[in-house]
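Below, chain A is the first sequence line, B the second, and so on; all start at residue 1. This is a predicted model, so every value here is computed, not measured.
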Protein chains: 4
Amino acid sequence: MVGRPRSEESRRAILQAALRLCERDGYPNVTLKAIAAEAGTGRQTLYRWWNTKADVLLEAMTAVVAPGLPPSPPDLGSFLRETFALTDGVAGRVIVGLMAEAQSDPDLGERLRTRLIGPRRAALREVLERDSPSSHANLDLVVDMIFGAMWYRLLNRHASVDAVLAEEITELVRSLT
Amino acid sequence: MVGRPRSEESRRAILQAALRLCERDGYPNVTLKAIAAEAGTGRQTLYRWWNTKADVLLEAMTAVVAPGLPPSPPDLGSFLRETFALTDGVAGRVIVGLMAEAQSDPDLGERLRTRLIGPRRAALREVLERDSPSSHANLDLVVDMIFGAMWYRLLNRHASVDAVLAEEITELVRSLT
Amino acid sequence: MVGRPRSEESRRAILQAALRLCERDGYPNVTLKAIAAEAGTGRQTLYRWWNTKADVLLEAMTAVVAPGLPPSPPDLGSFLRETFALTDGVAGRVIVGLMAEAQSDPDLGERLRTRLIGPRRAALREVLERDSPSSHANLDLVVDMIFGAMWYRLLNRHASVDAVLAEEITELVRSLT
Amino acid sequence: MVGRPRSEESRRAILQAALRLCERDGYPNVTLKAIAAEAGTGRQTLYRWWNTKADVLLEAMTAVVAPGLPPSPPDLGSFLRETFALTDGVAGRVIVGLMAEAQSDPDLGERLRTRLIGPRRAALREVLERDSPSSHANLDLVVDMIFGAMWYRLLNRHASVDAVLAEEITELVRSLT
DNA sequence: TTTTAAGCGAGACGGTACGTCCTGTCTTGCA
DNA sequence: TGCAAGACAGGACGTACCGTCTCGCTTAAAA
């Protein structure tokens, strides 16, 4: 038997409620109970489709972040500017929260790499290959150092992740040529 | 009047128990209750001297990590090799857990920067100034990119933080000259 | 919407566990934690339906004591014999514990009077009115002195509350005629 | 060797602090910790001389109540009036609290009977023997019923323990003659 | 006069119950 | 069969009090 189909309305309500609460309370202070309450949905409905808070927000992120990214990546400067712009606001807080949670949940780490981090690495690689052919030798290292600087600042908050950083990195990479 | 002095024995037992449990269960799965039980101490004793799990482990880290670091930093290669070596084992797991927790606890973030991250940044800066004078222009950016690569790999686990990475970074920095 | 209904099974398990522990350890040594554990129930389930240990045992008493009492009270002698018989065993210990606790909890005192003590007073009054019409003048005082003697002995334990006491009181009341 | 003698000042401070807190917070809400703090004394000093809260207050009562009682008991009416007058205020609350606590502490019950309840029973007996010789037959029962009515009202609070009650009891006892 | 042993206020110690919160599962009736 | 509601067992949270244990300091009788 088939029964009643899944409520698309509930799904959207849950994802939006999750983002709203992350914005208001910060990722780690959000609970599944609160998400369900905020979404006006039953708790079981949430557990039926996702297993953890991280699952919910990972889906919310892919639904939100993906559209905001350039389909065919332009030059390094714009790529970094656009990427860094996305880390401002909820998205940044959530993705940092997911990364933090992944430290104790290897499966989540795997999904994070596959669905969020990996594609961004590939995109940066592509841009670098096209834009700065000389750095080919250690391309992966350069990718690590660029995104590393971003993550390091996002986590440690000793400096901001903004257009200035994009410009400085672009210049430094150009000097590698 | 003075009252009974703090038990140094309990203090050490708690710090060691905390590290032991982090090694066994992973930072986020450790509870203050379990630390007290493992240390054979009362729960109130723990709360008397620390407020949170993060406080306990921050103190454990400064007590453990500090002695393992070179007092006067040598050349860049050895500095990175020794630094990266420390991230292997419990210390790495704990410091990543602390960083994750700091995302929702600004005060912890501040203490982390002051007591752990900041001093390491200063040390790396010093090494770079002495070792690679040409990179002075963007010294802070270079520091961000080096430690960024380390953090990025520690968190995302797409590659290891080891002597090979130290070597590759050293070479790349030399090419900036 | 309705939600899952209350578990009648848990309710009974808690009431019985409470009585069992009172019998084993004595009313004041029973804790809500231990009741929940003994009943195999969660602590929150207990707090959902009752606020205090006294509430649990007040309900347990009304469920246990009420059925053991004569519906239409017979002559004074049998009334006292049956009433005194109930004070033997757990019921006596629990009701004394409740009375003791009511000294620091006025609301509990009120509930005790309404649900346990008051009805017994009314019943004794009725018996006296029918059985010893001459004592009408100070009926409330006589009630106080009869039940007072019972409580005084239950609390101070200088003598037992048994059929002998019932007989002696009956004779003395008859002599008031 | 002898060492420093006990501080009589601390002893008095503790007893007074205990009574003060009983008046303010009610016997069961008073803790030994709070008594020590209120008395400005160390906690160990308290434990050195008494074992429990009940011990402290039992001593406070005998020191306070005893002087307030008639050395050679007069007629029944005045005896009851004076006795009932003592139950008003802290003394009543404390003695009820002690009686409540004695339910779970047989040793305390024994001390209570020996030092407080027993002497009062003996005094009432003596008064009755002199004042109402006819009730000799069941003297103990009459004592139980008189003090019982008092205790019953003190505990259940359905009526006050005052001069009116003293008068009513006196009349009723006279009618037994 | 000096010892010396006990009492003193202060307050940390290991332990345990408190009442609250969230987790993941379950059981209702309605759609 | 999905869904909102909400009760269920379980377990960590941070707080309070318990009775015990050191501290450094009095205090007064014994040496």
Side-chain angles (χ1 to χ4, degrees), chain A residues 1-11 13 29-37 39-49 51-53, chain B residues 1-11 13 29-37 39-49 51-53, chain C residues 1-11 13 29-37 39-49 51-53, chain D residues 1-11 13 29-37 39-49 51-53:
Chain A
M1 308 298 162
V2 281
R4 178 174 173 175
R6 171 171 188 183
S7 157
E8 189 57 28
E9 192 183 349
S10 290
R11 181 180 160 276
N29 301 318
V30 171
T31 68
L32 285 175
K33 194 180 185 181
I35 293 176
T41 193
R43 218 125 69 80
Q44 193 62 34
T45 300
L46 214 158
Y47 280 106
R48 209 186 320 275
W49 305 110
N51 288 318
T52 64
K53 172 171 67 165
Chain B
M1 298 290 170
V2 280
R4 178 174 175 175
R6 168 166 193 184
S7 159
E8 190 58 29
E9 192 182 350
S10 290
R11 180 182 159 275
N29 301 317
V30 171
T31 69
L32 287 175
K33 194 180 186 181
I35 294 176
T41 194
R43 216 126 69 79
Q44 192 76 102
T45 298
L46 213 158
Y47 282 106
R48 211 187 320 273
W49 304 109
N51 289 318
T52 63
K53 174 172 64 164
Chain C
M1 298 293 167
V2 280
R4 177 174 175 173
R6 169 168 192 183
S7 159
E8 190 57 29
E9 192 182 350
S10 289
R11 181 181 159 275
N29 301 318
V30 171
T31 69
L32 286 174
K33 194 179 186 181
I35 294 176
T41 195
R43 215 126 69 83
Q44 191 73 80
T45 298
L46 214 158
Y47 281 105
R48 210 188 320 274
W49 304 108
N51 289 319
T52 63
K53 173 171 64 163
Chain D
M1 306 302 161
V2 282
R4 178 175 175 174
R6 170 172 189 182
S7 158
E8 189 57 28
E9 190 183 350
S10 290
R11 182 182 159 275
N29 301 318
V30 171
T31 68
L32 286 174
K33 194 180 187 184
I35 294 176
T41 192
R43 217 126 70 79
Q44 191 66 289
T45 300
L46 214 158
Y47 281 105
R48 208 186 322 272
W49 305 109
N51 288 319
T52 64
K53 172 172 65 164

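Taking every heavy atom of both residues into account, D:Ala39 and D:Ala13 meet most closely at CB-O, 3.6 Å. Across A:Ala36 and A:Gly42, no two heavy atoms sit closer than the pair CB-O, 4.1 Å. Pairing each heavy atom of C:Asn51 with each of C:Leu32, the nearest pair is O-CD1, 4.5 Å.
For the pair A:Ser7 and F:dG2, the criterion of a side-chain N or O lying under 4.0 Å from OP1 or OP2 is not met. Under 4.0 angstrom from either OP1 or OP2 of F:dA9 there lies at least one side-chain N or O belonging to C:Thr45. Considering only side-chain N and O atoms, D:Thr41 lies nowhere under 4.0 angstrom from the phosphate OP1 or OP2 of E:dC8.
Side-chain N/O atoms of B:Arg4 and base N/O atoms of E:dC13 include no donor-acceptor pair closer than 3.5 Å.
Applying the side chain to side chain contact (heavy atoms under 4.5 Å, CB included) rule to A:Glu9 yields the partners A:Ser7; only residues at least two apart in sequence or on another chain are considered. Residues passing the side chain to side chain contact (heavy atoms under 4.5 Å, CB included) test with C:Ala34 are C:Leu21, C:Thr31, sequence neighbours excluded.
Note: CG (B:Leu46) to C1' (F:dC13) measures 13 Å, nearest angstrom. Atom CH2 in A:Trp49 sits about 10 Å away from atom C1' in F:dT1, given to the nearest Å. E:dC26 atom P lies 15 Å from atom CD of C:Glu9, rounded to whole Å. Following rounding to the nearest Å, D:Lys53 (NZ) and F:dC18 (P) show an atom-to-atom distance of 8 Å. Counting to the nearest Å, the P atom of F:dC21 and the CZ atom of D:Arg48 are 13 Å from each other. B:Glu8 places its CD atom 16 Å from the P atom of F:dT22, with the value rounded to the nearest Å. Look at CD1 on B:Ile35: it is 8 Å from P on F:dC13, rounded to the nearest Å. Following rounding to the nearest Å, B:Asn29 (CG) and F:dA12 (P) show an atom-to-atom distance of 11 Å.
Every pair tested for side-chain hydrogen bond (donor to acceptor under 3.5 Å, both in side chains) that includes a residue from residues 39-49 of chain C fails, sequence neighbours excluded, so the list is empty.
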What string of B, S and - do you get for nucleotides 18-23 of chain E, 5' to 3', if B is base contact, S is sugar-phosphate-only contact and - is no contact with any protein heavy atom under 4.0 Å?
SBBBBB
